[in-house]
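Following: one structure in structure tokens, then a few remarks.
Atoms within each ligand, like the ligands themselves, are counted from 1 in listed order. Note that this is a predicted model, so its numbers are computed, not measured.
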Amino acid sequence: MTEIPQERRVVTAIPGPKSVELQARRLATVAAGVGSTLPVFTARAGGGIIEDVDGNRLIDLGSGIAVTSVGASAEAVVRRASAQLADFTHTCFMVTPYEGYVEVCEQLAELTPGDHAKKSALFNSGAEAVENAVKIARIHTKRTAVVVFDHGYHGRTNLTMALTAKNMPYKQGFGPFAPEVYRVPVAYGYRWPTGAENAGAEASAQAIDQINKQIGAENVAAIIIEPVLGEGGFIEPAKGFLPAIAQFAKDNGIVFVADEIQSGFCRTGQWFACEDEGIVPDLITTAKGIAGGLPLSAVTGRAEIMDSAHSGGLGGTYGGNPVACAGALGAIETMRELDLNGKAKRIEEVMKGRLAEMQSKLGNGDIIGDIRGRGAMIAIELVKSGTKDPDPQAAADLAKACHAEGVLVLTCGTYGNVLRFLPPLVIGEDLLNEALDVIEQAFGRI
Ligand code: PLZ
């Protein structure tokens, strides 16, 4: 494993000449529908740094969209995955099984909320996990309807496009979508008409009323929610919302599914974000951070629900690939050993402190309408000065200014006006502060 110096270094324009050359080749041969936030081609990455082909070192505040929480070349991930690669790359768990898959399921049973009997099934991508959670909930309840929320994101496959709220770019032109999917309000505190303090109670009452009146609770197989909404804008449902929805699900025999694909595995300073309000989901979907960058996802939940599907009903050629499972065991080992929950909480403290300072001190600081998120899942919502009108241009301009100075940040949000920060949890505090300096300076450039 190569050690990458943990320092920002900008030696060319961003992107540099080699990246520009590669981008031209890419545009000639990679489908236009697959975009990139920043067309800087990666040479290597680790800790809090991405080094590009021109020798620039960028501070990584994206973690490949909340994936490389342990870093992009974590020692335990590389060691375990390399050893597995040398032993065998694949047999297909559905043909001849292997221990790594079982070990990952054991870890998931231990780490996910609740002390009931649990089982898991492993897949490749987040969307695939969500699709399978729906399959399992439907066969278990013998019902068909699925309830999701405003601003929710669950993937890009046909069913998960239907579950995802935002049209552009995820759904536009790609329909028709899967049926029996219903969307209800979520407690978005910052934008709740009667104020954040009322959002939890009012939004849950509205959501429950809509489910009862428009769908019929007895027809609902699953309610799926991200405990912190990711692509939708790092929205933490206002206090009381999640417990009310979880209770409603319980009272009505509905499978409550926490989609922790983005918020899980130490990202929010807990193993899973739903722990903050003591929620024990029936099923939980995980991916992203689970395997240190290797493609792996899971559905974990109550054994009696997970066992509802007949043998052969769940699976896929690559699901729970042995190399990905080895990577997951390495990532989980790293999370435990380095106390990455503690690190995520410290990142929150540093980032929220600095961002609040920017909000109050900078000349244009009032365009930061809201600072939110938990752990190392932090965002600022940008608005036009003196209003709550979304300002997607400010988010895009700030991101661009940060990129030019060698700090990789991402945007998100239904209105495209949220700048989000997802540093690897292993990032050094000096590097994090340097990234915050660059963000602060970026406000002076827009
Ligand atoms: N559920 C909560 O955050 C993936 C998507 C980026 P896949 N989020 C990043 C993009 O533009 O495609 C995500 C998520 C939540 C499901 C998914 C889907 O996970 O591994 O991308 O399929």
Side-chain angles (χ1 to χ4, degrees), residues 30-38 61-69 122-134 146 148-172 174 178 181 183 186 222-237 242 257-265 267-268 272-274 281 283-300 316 318-321 324 327-328 331 373-377 379 399 408-414 416 418 420-422:
V30 178
V34 185
S36 295
T37 303
L38 178 60
L61 297 189
S63 298
I65 324 187
V67 171
T68 51
S69 299
L122 305 184
F123 305 97
N124 305 291
S125 67
E128 217 186 333
V130 175
E131 291 246 0
N132 279 281
V134 172
V146 179
V148 287
F149 293 84
D150 288 337
H151 310 289
Y153 181 91
H154 301 287
R156 293 173 179 273
T157 56
N158 186 262
L159 174 55
T160 59
M161 274 193 292
L163 301 176
T164 289
K166 189 172 173 176
N167 177 51
M168 197 55 191
Y170 307 122
K171 302 164 78 163
Q172 176 63 38
F174 298 140
V181 172
R183 191 172 312 288
V186 74
I223 297 178
I224 309 178
I225 189 160
E226 304 156 80
V228 178
L229 284 77
E231 304 303 308
F234 284 21
I235 301 162
E236 297 170 85
L242 288 174
V257 184
D259 179 348
E260 294 252 14
I261 286 165
Q262 190 153 167
S263 57
F265 281 102
R267 178 53 55 188
T268 65
F272 298 98
C274 61
L283 299 182
I284 181 164
T285 54
T286 53
K288 292 191 184 274
I290 190 175
L294 289 155
L296 186 73
S297 67
V299 184
T300 301
Y318 292 115
N321 168 271
R374 288 209 289 275
M377 189 171 182
L408 179 58
V409 294
L410 309 176
T411 59
C412 67
T414 298
V418 177
R420 61 170 154 174
F421 311 111
L422 290 161

Near [X], which atoms of ligand 1 are under 4.0 Å from a heavy atom of that residue?
| X | result |
| --- | --- |
| S125 | 20 (O), 22 (O) |
| E226 | 2 (C) |
| R156 | 10 (C), 11 (O), 12 (O) |
| Q262 | 3 (O), 8 (N) |
| A127 | 7 (P), 18 (C), 19 (O), 22 (O) |
| I261 | 1 (N), 13 (C), 14 (C), 15 (C), 16 (C), 17 (C) |

With the threshold set strictly below 4.0 angstrom, can you tell me whether any protein non-hydrogen atom sits that near atom 21 (O) of ligand 1?
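So far as the 4.0 Å threshold goes, atom 21 (O) of ligand 1 is out of reach of every protein heavy atom.
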Does Y170, at its OH atom, have more than 12 non-hydrogen atoms belonging to other residues, nucleotides or ligands within less than 6.0 Å?
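Yes, OH of Y170 has more than 12 neighbouring heavy atoms, counting only those of other groups under 6.0 Å.
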Working to the nearest 0.5 angstrom, can you tell me the gap between [X] [atom1] and [Y] [atom2]?
| X | Y | atom1 | atom2 | result |
| --- | --- | --- | --- | --- |
| N124 | L294 | CG | CG | 11.5 Å |
| E131 | F123 | CD | CZ | 10.5 Å |
| L122 | L296 | CG | CG | 5.5 Å |
| I261 | R267 | CD1 | CZ | 14.5 Å |
| H154 | T285 | NE2 | OG1 | 8.0 Å |

To check your reading of the model: name the closest protein heavy atom to [atom], its residue, and the distance in Å.
| atom | answer |
| --- | --- |
| atom 9 (C) of ligand 1 | K288 NZ, 3.0 Å |
| atom 5 (C) of ligand 1 | Y153 OH, 3.6 Å |
| atom 6 (C) of ligand 1 | I65 CD1, 3.7 Å |
| atom 19 (O) of ligand 1 | G126 CA, 3.3 Å |
| atom 1 (N) of ligand 1 | D259 OD2, 2.7 Å |

Taking 4.0 angstrom as the limit, do E231 and K166 come out as a salt bridge?
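Judged by the 4.0 Å cut-off on N to carboxylate O distance, E231 and K166 do not form a salt bridge.
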State whether K288 and E260 are salt-bridged, where the test is any N-O pair (Lys NZ or Arg NE/NH1/NH2 against Asp/Glu carboxylate O) under 4.0 Å.
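The answer is no: the pair does not qualify as a salt bridge.
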Location of contacts on A287 toward ligand 1, heavy atoms closer than 4.0 Å
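The answer is neither; A287 stays 4.0 Å or more away.
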Region of E128 that comes within reach of ligand 1 [heavy atoms, distance under 4.0 Å]
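Contact part for E128 vs ligand 1: neither.
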Testing the basics here: between D150 and L229, what is the closest heavy-atom pair and its distance to 0.1 Å?
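Residues D150 and L229, closest heavy atoms: O-CD2, 3.5 Å.
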